[in-house]
Each structure stands twice: as C-alpha cells, then as structure tokens.
Amino acid sequence: MVGAAGGSLMLELQTQVSLQALNSFGFNSVAERYIELTQPAQLPALIDYCQEQVLPCLILGGGSNLVLSARVPGVVARVRLRGIEVVSRSQQTVRVRVAAGESWHETVSWLLDQGFYGLENLALIPGTVGASPVQNIGAYGVELKDRVTAVHVYDTLQSQFTQLTPSECQFSYRDSLFKSVDPGRYIITAVEFELFLNSDHLVLNYQALQETCATIAGSQVVTPRHLFDAVCQLRRSKLPDPVRLGNAGSFFKNPHVSAAKFQALKQTFSNLVAYPEGEGYKLAAGWLIEACGWKGKHFEQVGVYDRQSLVLVNHGGGDRIQIESLAVQIQDSVYNAFGVRLEPEPRYYP
Ligand SMILES: Cc1cc2nc3c(=O)[nH]c(=O)nc-3n(C[C@H](O)[C@H](O)[C@H](O)COP(=O)(O)OP(=O)(O)OC[C@H]3O[C@@H](n4cnc5c(N)ncnc54)[C@H](O)[C@@H]3O)c2cc1C
C-alpha cells in the first residue's frame, strides 16, 4: 500500500493488484496502482493526483465490458459508492437515485421488491449502476435512456460535481457521451431513474419474451415479477455465466445498414435476420458470424460460444491478444462475406 497526497485527502493506493477476479473475461491482468472509491470526496483528490503525476486512470465498475491487457498502467479506480434513495414520488411514478457502485441486477431486483417498475427487461445484466449509462445498456426492447432522468458526475475537466440531463448524455444504441463523444471526462457517481408505480407499462415486444412470460404466468395476468423472471430465465438459457466461462456478453454491436444495402443482402441471403430501424435496418451480428462458420470455434485459449455466436469466451488462460486477434478474424470474414464491418462493443484497455 502506498499513500499519495491528492489535494487535501490522503489516497490509499495499492500497487501490483490482480484484476483477474475483477473482469468478466477472467483475464490475468495486473494494475500498476489500484484504489477503491467509497466516497465521492475521493474523486477530486484522485484526479488531481493523476494529473500531477501524468498517470492514466481507468474507472472500473464490474469489469464486464472491458478487455484488459496483462499490465494496466497508471491507476485503476474501482467504484464502490453505495446507496439508493427515493428522491420524489407522484401518484403514478417514483424518482430514485442510485449510487454508481451498486450492482445493476441487485438494484433492478430491489426496485421490483419495492413496487417500482420499469427496469425488469434489463434484469441480470452484469456490472454496476455507474457503468449503465456509458453504453446505454439495453435488452429485450428497453434501453437505459428510456428510464433515466439525470446522471450525477464528477467533471474532470471543470473539476466539479454536476449533473447531466438525458439529452446532454447523447444516448444512442450502445453508446453515449461517456463512451465515444467525450470518453474519460466524466466519472459517474449516481444515476436517477423515473419508474412506474403501476404495472401497466410492461414492454413485451419480443416473441420469446411474450411466450416465456405466458408460460410463467399461467392463467394469471402477466405482472412485472413474471417479466423479471422470464428475462432471467431467457438470459440464463442463452448466455454463459462469466463465473464459469469468461465473457463480456455480446462482443459486437448489431450493425446498422441502409435499406438499399439490406435489400441487396436479402436477395442473396434470403434467411438474413434483420430488424427495421429508422431509415434502414439493424442486422443480427450473431447471424452474420454464424453464417461465416464461427459458431463454437476455438482459437488458442479463446473462442466463439457454441450456443450464441455473438459471445466470445475465454476457455481458461486466454488473454487480450488472443481475443483481439479472434475478433479481427471474425470482423474480416464478415466483411468479406457481407461487406459489413462489425464494431466491438466492449472497451479494450489500455
Ligand atoms: C454475460 C454478459 C451479458 C451482458 N449482457 C448485456 C446486455 O444485455 N446489454 C448490455 O447493454 N450490456 C450487456 N453486457 C455488457 C455489460 O454488462 C454492460 O456494459 C455493463 O453496463 C458494464 O458494467 P460494468 O460495471 O461491468 O462496467 P465496466 O466493464 O467496469 O466498465 C465499462 C466501461 O464503463 C466505464 N465506467 C464504469 N463505471 C464508470 C463510472 N462510474 N463512471 C464513468 N465510467 C465508468 C469504464 O471505464 C469502461 O469504459 C453483458 C455482459 C456480460 C458479461
């Protein structure tokens, strides 16, 4: 442990800390310096320290959307800010503020227990609440942006705590201000949501979800609890548990193409899976990868999951170099077959 004076606060930095249990790929990665953030007051001191020492700083949540190198230089700051509070309540809705270090899934589950509805479709997504706005997490027809009312941040450029409106966050499909427009500038300390107090707002757009809900509910009217259980059941059947098989969920975003490009592809590949979106179509990246023969393929210690081609896995002992190499091979083969470039969803660091 080393003590570093950052501003007026003493920062307790550990050195040479293993991140293997702190990234969902389970890669053997070591942080040069490491700190746990348990109170927002540590942030100004930490950022001052990094700027004075000219050190990069990785803000770490649950490590479920990161591809880490064997050595991580500078400082890794793991966000452990805790707490959930009701900010206001009307007849129909409730506004809740959740600290960034809370577990996403446990928060969704706790809110459901309170009778605060609207996040059930996003159940079982790994990671922290603080990371959820970064790529505007989404699943089964709901995205974070549909429920967020404010994001509380520490602005490292202005050296001040502030809050951002949803439009300032520039949310889009698996993207936001935090991920691609101004990465690294803001450290998220808490997220505010507006949730429903009645169960009239269930989002059941996906056929598999409707069917699973109907099976679980039986003769009853489908409730938010049924929806939550159905989402958990579907996800458990499709996605590998990172505790057993390292992964970062979907490794590639579903690519968006023009209507003309979609029509051209559809003529050649009649079973192409795609969904209309905006002026064009979103192609199912998993279908494109599977069509190129990658499903279940092994490459050194990593590979493509045998039940879902969109998921790359660490069979044990794999590393960033192997995953990156596999991802590039997949991108190239999809591009050669369909003329479509896949974009990775997780962040490579550094
Ligand atoms: C099995 C599995 C299934 C998944 N399913 C989905 C899914 O259905 N939908 C979906 O959208 N994603 C999914 N993911 C991806 C991942 O769970 C989400 O992106 C999640 O929000 C990442 O949270 P995290 O805390 O682990 O973030 P990390 O991986 O720790 O960090 C991700 C990025 O956010 C930044 N960050 C983290 N916390 C903060 C903060 N407080 N302030 C500023 N920046 C921060 C990091 O620096 C990094 O750039 C899945 C992953 C796995 C392993």
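In listed order, ligands and their atoms are each counted from 1. Every heavy atom of this structure was used, including side-chain atoms; hydrogens, water molecules and symmetry mates were not.
By the side chain to side chain donor-acceptor pair (under 3.5 Å) test, Gln163 pairs with no residue at all, sequence neighbours left out.
For atom 6 (C) of ligand 1, the candidate residues are Lys238, Arg235, Glu345; the nearest heavy-atom contact is made by Arg235. Nearest to atom 34 (O) of ligand 1 by heavy atom, out of Leu58, Val134, Leu37, is Val134. Of the listed residues (Ser24, Gly127, Ser64), the one carrying the non-hydrogen atom nearest atom 22 (C) of ligand 1 is Ser64. Relative to atom 32 (C) of ligand 1, the option among Val151, Asn65, Leu245 with the closest non-hydrogen atom is Asn65. Relative to atom 23 (O) of ligand 1, the option among Ala131, Ser176, Gly138, Pro183 with the closest non-hydrogen atom is Ala131.
The environment of Phe196 atom CZ is dense: over 12 non-hydrogen atoms of other residues, nucleotides or ligands sit within 6.0 angstrom.
In this model, a donor atom of one side chain and an acceptor atom of the other lie less than 3.5 Å apart for Ser69 and Arg320. Of the N and O atoms on the side chains of Asn136 and Ser176, not one donor lies less than 3.5 Å from an acceptor on the other residue.
Of all atoms in ligand 1, numbered sequentially from 1 with element shown, those under 4.0 Å from a heavy atom of Ile125 are 6 (C), 7 (C), 8 (O), 9 (N), 13 (C), 17 (O). Each of the atoms 40 (C), 41 (N), 42 (N), 43 (C) of ligand 1 lies under 4.0 Å from some heavy atom of Ile188. Listed by number with element, the atoms of ligand 1 under 4.0 Å from a non-hydrogen atom of Gly130 are 39 (C), 40 (C), 41 (N). When each atom of ligand 1 is checked for a heavy atom of Tyr186 under 4.0 Å away, the hits are 43 (C). For ligand 1 and Thr128, the ligand atoms under 4.0 Å from any heavy atom of the residue are 23 (O), 24 (P), 25 (O). Atoms of ligand 1 lying under 4.0 Å from at least one heavy atom of Gly249, given by number and element, are 2 (C), 3 (C), 4 (C), 50 (C), 51 (C), 52 (C), 53 (C). Within ligand 1, counting atoms from 1 as listed, the ones closer than 4.0 Å to a heavy atom of Leu60 are 30 (O).
Formation of a donor-acceptor pair under 3.5 Å by the Arg174 side chain with backbone atoms of Glu345 is not found in this model. Side-chain N or O atoms of Ser325 include none that pairs as donor or acceptor with a backbone N or O of Ile321 at under 3.5 Å.
Annotation: side chain of Val340 is in contact with side chain of Val257 (closest heavy-atom distance under 4.5 Å).
Here the heavy atom of the protein found nearest to atom 12 (N) of ligand 1 is Gln135 NE2, 3.1 Å. Nearest to atom 1 (C) of ligand 1 among the protein's heavy atoms is Asn247 OD1, 3.4 Å. For atom 21 (O) of ligand 1, the closest non-hydrogen atom of the protein is Ile137 CG2, 3.3 Å.
If you run side chain to side chain contact (heavy atoms under 4.5 Å, CB included) between Val75 and each of Leu58, Ile59, Leu46, only Leu46 comes through. With Gln170 as reference, Leu177 is the one residue of Leu164, Asp182, Leu177 to meet the side chain to side chain contact (heavy atoms under 4.5 Å, CB included) rule.
Between Arg97 and Glu192, at least one side-chain N (NZ, or NE/NH1/NH2) sits under 4.0 Å from a carboxylate O, which counts as a salt bridge.
Between Gly62 and ligand 1, at least one pair of N/O atoms sits closer than 3.5 Å. Checking only distances, Ile59 does come within under 3.5 Å of ligand 1, N or O to N or O. Below 3.5 Å of separation, one finds an N or O of Gly61 facing an N or O of ligand 1. Ligand 1 has an N or O atom lying under 3.5 Å from an N or O atom of Arg347, backbone or side chain. Residue contacts with ligand 1: Pro242 is placed with no nitrogen or oxygen under 3.5 Å of a nitrogen or oxygen of the ligand (distance criterion only). Of the N or O atoms in Gly63, one or more lie within a sub-3.5 Å distance of an N or O in ligand 1.
Using cut-offs of 30° and 60° on the angle between ring planes, the pair Trp287 and Phe338 is tilted.
Counting heavy atoms under 4.0 Å from ligand 1, residue Pro126 touches it through both backbone and side chain. No part of Lys179 comes within 4.0 Å of ligand 1, judged by heavy-atom distances.
Sorted by first and then second residue, the side chain to side chain donor-acceptor pair (under 3.5 Å) pairs involving residues 259-273 (not counting sequence neighbours) form an empty list.
Val181 and Phe171 fall within a single hydrophobic cluster, where Ile, Leu, Val, Met, Phe, Trp and Tyr side chains are chained together by heavy-atom contacts under 4.5 Å.
The six-membered or imidazole ring of Phe193 lies away from that of Phe116, with a centre-to-centre distance of 6.0 Å or more.
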